[in-house]
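The next block holds one structure in the form of structure tokens; read it before the comments.
Order of the sequence lines fixes the chain letters, A, B, ..., with proteins taken first and strands second; residue numbering starts at 1 for each chain. Reckoned from all heavy atoms, side chains included, excluding hydrogens, waters and symmetry mates.
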Amino acid sequence: MPTFRAPRGTRDLLPPERAVFGRLEAVARDLSRRYGYREMETPLFEQAAVFERGIGEMTDVIEKELFRLVPRSEEGEVWALRPEATAGIVRGYVQHGMHTWPQPVKVSLIGPMFRYDRPQAGRYRQFWQWDVEAIGDPGPAIDAELIELGARFYREAGLDDVLLLLNSIGDTECRPAYVAELAAYFREHAVQLPDLERRRLETNPLRLLDSKDPSLAALQARAPRIVDRLCPACAEHFGAVRSHLDTLGIAYRLEPALVRGLDYYTRTAFEYYREGAEGQQQALGGGGRYDGLVQLLGGQPTPGIGFALGLDRVALNLQSSGLAEGQRPPLAVIVGAEPAATAERLKLATALRAEGLPVRADLSRRKLGRQLEGAARDGAHFAVIVAEGSENGALQLKDLQAGTQRPLAAVDLARELRRAESSHRHG
RNA sequence: GUGGCCUUAGCUCAAUCGGCAGAGCAGCGGAUUGUGGAUCCGCAGGUUGCGGGUUCGAUCCCCGCAGGCCACCCCA
């Protein structure tokens, strides 16, 4: 019963787990570089209106999950922690006149997002996303490029069995008519609808499509499908996206019920999905086109597309599949039981670190056997034994993996370790 | 936000019918005072999540709260 603990839905990332995140970030940054997306940052909080207007007042993310910050004075502004990255990035695009940059503006962002949800495994109130946006290109080729980028991330991160779900949800031309038709269809059968679903009929009929309520399954199966109601321009766009994906060899599953939870999406919508072991959150990432968002946030009409991938869920899947690796062990541990030689051990370790070598110094007063035990358990390749008389440079270099040991002069140590390190890396 | 299950040492878990709270791992220290990963011995570590109630007596039964998990809701 600790006095304090991390707030509900948040957690500390301790060294082993933080290392997994670090590796995911490295994969994401490398992919950003290769695909020409440049990293940026936005504030962790914005005026609440940025999210309310961008994401949509009626969405769950805004209606019940937004982390609002209460103003400290009457005239204070209402802020909110960001629940996703796109709205803030687009706000920045408009604010900084990025429409004058070469288009499209391709940016990425890695950082924490916040949603006031009820926590569960893989679902946190503070979670991390890698977000990628291409603003200013109407597609459809950029759609396929971006979708392929997301799929590649999972493979390079170590998850091979991530599915891609794909849909088009139309635009302002064709979606209103479709939504009306869908609402009419469900209204005909309103008696069969549970209360929650009946309310949605008025607020957001699209959501009825991906409700998991089993009593809706039959109705959903016979519901009109947006892909059959796309206007010619949207249909052509969607066809081209699919053909580009085929060209790239990207497999996907058409998912007519995929509608996404944010209002700003138009046309292309997609989700990365993995059948979890049990009860795990299965959506690993998702995204879509948002051709009206820039204008909605005060800019000129500008198309855009992006995705957000959940790093926590990828890490969780890696760990449950036993694919997460631990931290790299030190190359060598400097040991020695003579209190008189402690300064010598410290000095030696400092010199090796200055040479760029990862070494640990055992500065404890434990007996030598314990120190070697610790070094071996660290997974260190070598132990450097500093004994009495080492001041004049006589050391023992012990290969913990081979079990061999030989005397070595201090002046030769860095060179020896470096040589072993490089052959170890490539061997 | 709704419903359900769970909470004992740092971690994973025991504790018979309500009767003095235990083990493994991890940590620390030893094993004829200087050589290792799974050898042996020992030490330390607990207000049994928190607060009430029932009882001679509660880890155990009841209520509330908190946290975790599961299914919804929803999504990353």
(request) Among D263(A), I226(A), V259(A), I169(A), find the one that has a side-chain contact (heavy atoms from CB on, under 4.5 Å) with L206(A). (result) V259(A)

Would you mind telling me which of [options] lies closest to the side-chain atoms of [X]?
X: A283(A); options: rC72(B), rG68(B), rA76(B); answer: rA76(B)
X: L372(A); options: rC70(B), rU35(B), rA76(B); answer: rU35(B)
X: A121(A); options: rC69(B), rG29(B), rG37(B); answer: rC69(B)

Identified pairing partner of [N], criterion: Watson-Crick or G-U wobble below 3.5 Å:
N: rU47(B); value: none
N: rU16(B); value: none
N: rA38(B); value: none
N: rC5(B); value: rG68(B)
N: rC61(B); value: rG53(B)

(request) Quick one: closest heavy-atom pair of R91(A) and L297(A), and the distance? (result)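 Shortest heavy-atom contact: N-CD1, 4.1 Å.
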
Using atom [atom1] in both nucleotides, what's the gap between [N] and [M] to the nearest angstrom?
N: rG57(B); M: rG3(B); atom1: C1'; value: 36 Å
N: rG37(B); M: rG51(B); atom1: P; value: 44 Å
N: rC60(B); M: rC20(B); atom1: P; value: 14 Å
N: rC11(B); M: rG49(B); atom1: P; value: 13 Å
N: rU59(B); M: rG19(B); atom1: C1'; value: 13 Å
N: rC62(B); M: rC6(B); atom1: P; value: 10 Å
N: rU35(B); M: rA21(B); atom1: C1'; value: 41 Å
N: rU47(B); M: rA9(B); atom1: C1'; value: 13 Å

(request) Report the residue (R118(A) or G403(A)) whose heavy-atom-nearest nucleotide on RNA chain B is the more 5′ of the two. (result)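 With R118(A) and G403(A) compared, the 5'-side residue is R118(A).
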
(message) Assess whether a salt bridge exists between R419(A) and E416(A), defined as any Lys/Arg side-chain N lying under 4.0 Å from an Asp/Glu carboxylate O.
(response) yes

With a 4.0 Å limit, can you tell me whether [X] has a side-chain N or O closer than that to the phosphate oxygens OP1/OP2 of [N]?
X: R377(A); N: rA26(B); result: yes
X: K367(A); N: rA31(B); result: yes
X: Q396(A); N: rU35(B); result: no
X: R260(A); N: rC75(B); result: no

Can you tell me how far [atom2] of [N] sits from [atom1] of [X], to the nearest Å?
X: I385(A); N: rG36(B); atom1: CD1; atom2: P; result: 10 Å
X: D362(A); N: rG36(B); atom1: CG; atom2: P; result: 15 Å
X: D117(A); N: rA71(B); atom1: CG; atom2: P; result: 14 Å
X: L284(A); N: rA76(B); atom1: CG; atom2: C1'; result: 8 Å
X: K398(A); N: rG36(B); atom1: NZ; atom2: P; result: 7 Å
X: L368(A); N: rA31(B); atom1: CG; atom2: P; result: 14 Å
X: E271(A); N: rA76(B); atom1: CD; atom2: P; result: 7 Å
X: E65(A); N: rA76(B); atom1: CD; atom2: P; result: 10 Å

Regarding [X] and [Y], is there a side-chain donor-to-acceptor distance under 3.5 Å anywhere?
X: R68(A); Y: Y116(A); answer: no
X: R274(A); Y: Y154(A); answer: no
X: E133(A); Y: T86(A); answer: yes

Taking donor-acceptor contacts at under 3.5 Å, does the side chain of [X] reach the base of [N]?
X: R5(A); N: rG68(B); value: no
X: R123(A); N: rC70(B); value: no
X: R370(A); N: rG30(B); value: yes

(message) How long is the straight-line distance from CZ of F307(A) back to CG of D131(A), given to the nearest 0.5 Å?
(response)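 Between D131(A) CG and F307(A) CZ, I get 8.0 Å after rounding to 0.5 Å.
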
